Amino acid sequence: MTPQEKEAFRDRIATVDESGKRVWIYPKKPKGHYYRWRTYVSWVLLAFLFGAPFIKIHGEPMFLFNVLERKFILFGIPFMPQDFHLFVLAMLTLVVFIILFTVVWGRLFCGWVCPQTIFMEMVFRKIEYWIDGDANQQRKLAQMPWNAEKIRKRVLKYGIFFAIAVLVANTFLAWIIGVDQVIRIASEPIAQHKAGFTAMLLFSGAFFFVFSYLREQVCVAICPYGRLQGVLLDDNSIVVIYDFVRGEPRGKLRKNRKKPDPVRAIQENVSKELAAKQLESTPEEKPLRLQGDCIDCKLCVQVCPTGIDIRNGTQLECINCTACMDACDAVMDKIKKPRGLIRYDSYNGIVEGRKTIWTPRVIGYTVVLALLIVANIVLLATRGIGEAVILRQPGFTYKETADGKLMNLYQFKVYNKTTDDMPIDFRLLNEDEAVIRVVGVDSTLVVPAGDMAEGNLMIELPKEAMSGKSKKIFIEVVSGDRRVDKVKTNFLGPFKF
Ligand code: SF4
Ligand code: SF4
């Protein structure tokens with residue numbers, strides 16, 4: 001086999017045939033140590049996903065990502081559009097974290113945490129195994145003509161799929177608009193919530209389509225994170241990998257089998273680098289292996305939800321779901337060989353036995369990430385309880401009052417970043433004789449929790465306070481004895497010679 005032929009599997013994805021048609025994957029039901037632990041992790045994550053929208057702190061949701069109304073709550077702390085710099089920095093930190101995590105741990109996230117994998121493999125696929133049976137039964141069912149059994153199974157399966165898709169859609173909406181609003185949309189007449197109801201239907205339809213039809217194509221062809229693997233992974237990244245040093249030359253497990261021709265076996269089955277290494281070595285230095293531990297049972301391929309053969313090497317399609325590790329470990333147990341022929345390791349770990357993850361690239365990313373995390377902590381710790389914007393009223397310069405003072409008019413917006421209502425006062429710094437009051441408000445102005453108040457502010461100064469036609473003034477916004485913000489602006493008066 002030429003090197004080009006050996007690499008030909010990379011020319012197209014495993015789920016598309018030569019004519020460009022989708023190849024439907026029927027992965028064999030996985031079982032084993034890793035699958036069990038992934039199931040436990042998925043229970044915790046699903047409980048969090050479905051339960052978190054119901055948790056409230058001071059009457060507000062613990063998390064809210066209302067992009068429509070630009071209202072965000074994290075751990076009960078409201079964030080506003082004024083905190084956009086925090087958002088940008090947090091996103092930057094997240095991107096660097098993802099890069100660092102992927103450089104070191106490959107697609108660990110995809111296999112263990114990604115909602116797409118969790119729902120597909122731990123919810124929808126399990127229901128499919130329960131109704132349609134394992135891979136072979138699923139294949140038979142797909143090929144059989146429409147009869148009572150097929151109709152019953154299809155109606156049951158897709159009925160349950162749609163019900164779960166509706167539940168998932170409602171849950172995602174609850175993270176965006178809050179669980180109370182979702183309950184209102186679901187329980188009140190549709191006419192009152194046309195937009196909300198349409199969003200629910202669209203989300204439900206999208207989730208149903210993704211989990212019943214698109215499936216692994218999301219990870220293989222759509223997800224941008226998956227596409228990034230090609231530039232993020234290197235030979236030191238820990239991924240689900242086949243130990244070709246130990247496994248090759250592969251061959252069927254047969255009693256009294258003929259010994260393979262070692263040179264031919266290596267050329268055919270072992271990676272280029274390893275073949276070169278082994279062929280260079282003398283039998284005294286490193287005896288050639290006649291038979292590797294892989295018995296070519298292809299169970300690792302049969303369980304793969306993306307339809308690839310991990311023995312071909314690291315591939316973009318691999319979501320690190322560990323199904324092949326479990327399948328191969330079970331085979332190794334049966335043939336009494338050590339587990340881990342397919343395991344978490346790096347290419348260099350396999351070839352050279354090197355385990356270090358601290359490469360210059362990783363150190364560089366770690367330093368940048370540490371700096372970003374410190375910046376995030378400092379900005380969060382120094383984030384005030386509110387923010388104020390005070391601007392001069394457009395088109396208004398100054399006015400002389402009946403008692404001979406000068407009056408300027410301003411527009412203000414005060415943001416309350418706390419979870420409690422905030423009574424506020426305005427003070428003019430360094431101006432003892434100033435009069436300052438909110439137009440149209442006689443009592444104390446209260447800014448609702450996590451919200452904003454706006455209005456007009458009137459400031460009066462004695463004429464003697466002015467030395468020119470404009471003066472810098474500092475307005476302090478306070479709530480009790482706490483400063484909310486301090487704003488610098490101008491006060492205008494008549495021109496003086
Ligand atoms: S499951 Fe293990 S032994 Fe079987 S083909 Fe895959 S790597 Fe080889
Ligand atoms: S190769 Fe293994 S880890 Fe990767 S997607 Fe397939 S079964 Fe999962």
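As the structure is a prediction and not an experimental result, all values here were calculated from the model. Atoms within each ligand, like the ligands themselves, are counted from 1 in listed order.
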- Message: Here's one to test your reading of the geometry: is the NZ or CZ of Arg107 within 45 degrees of the ring axis of Phe101 and under 6.0 Å from its centre?
- Response: no

Which residue and heavy atom of the protein sit nearest [atom], plus the separation:
{"atom": "atom 3 (S) of ligand 1", "value": "Ile295 N, 3.5 Å"}
{"atom": "atom 5 (S) of ligand 1", "value": "Lys298 N, 3.1 Å"}
{"atom": "atom 2 (Fe) of ligand 1", "value": "Cys328 SG, 2.4 Å"}

- Show which atoms of ligand 1 fall inside a sub-4.0 Å distance from at least one heavy-atom site of Met332. 3 (S)

- Task: Please could you name the atoms of ligand 1 that Arg311 approaches to less than 4.0 Å, counting only its heavy atoms?
- Result: 5 (S), 7 (S)

- Under 4.0 Å from any heavy atom of Asn320, which atoms of ligand 2 are there? 3 (S), 4 (Fe)

- Task: Any atoms of ligand 2 less than 4.0 Å from a non-hydrogen atom of Thr322? List them with their elements.
- Result: 3 (S), 8 (Fe)

- Message: Whether the side chain of Glu352 engages the backbone of Ile350 through a donor-acceptor N/O pair (distance < 3.5 Å, no angle test) should be reported.
- Response: no

- Could you name each residue pair satisfying side-chain hydrogen bond (donor to acceptor under 3.5 Å, both in side chains) that touches residues 164-187, not counting sequence neighbours? Lys56-Asp180, Gln181-Arg184

- Message: Suppose the criterion is salt bridge (Lys or Arg N to Asp or Glu O under 4.0 Å): which pairs have a residue in residues 216-239, not counting sequence neighbours?
- Response: Arg22-Glu216, Asp234-Arg361

- Query: Under 2.8 Å from atom 6 (Fe) of ligand 2, how many protein N, O or S atoms can be found?
  - Reply: 1

Do [X] and [Y] have a side chain donor and acceptor closer than 3.5 Å?
{"X": "Thr93", "Y": "Asn376", "value": "yes"}
{"X": "Gln229", "Y": "Thr102", "value": "no"}
{"X": "Thr418", "Y": "Asn416", "value": "yes"}
{"X": "Ser346", "Y": "Asn348", "value": "no"}

- Message: Judged on heavy-atom distance to atom 4 (Fe) of ligand 1, which of Cys294, Cys297, Gly247 sits nearest?
- Response: Cys297

N/O donor to acceptor pairs below 3.5 angstrom from side-chain atoms of residues 25-32, sequence neighbours left out:
none

- Message: With ring pair (Phe, Tyr, Trp, His ring centres under 6.0 Å) as the test, pick out the partner of Trp37 among Tyr40, Tyr35, Tyr34.
- Response: Tyr40

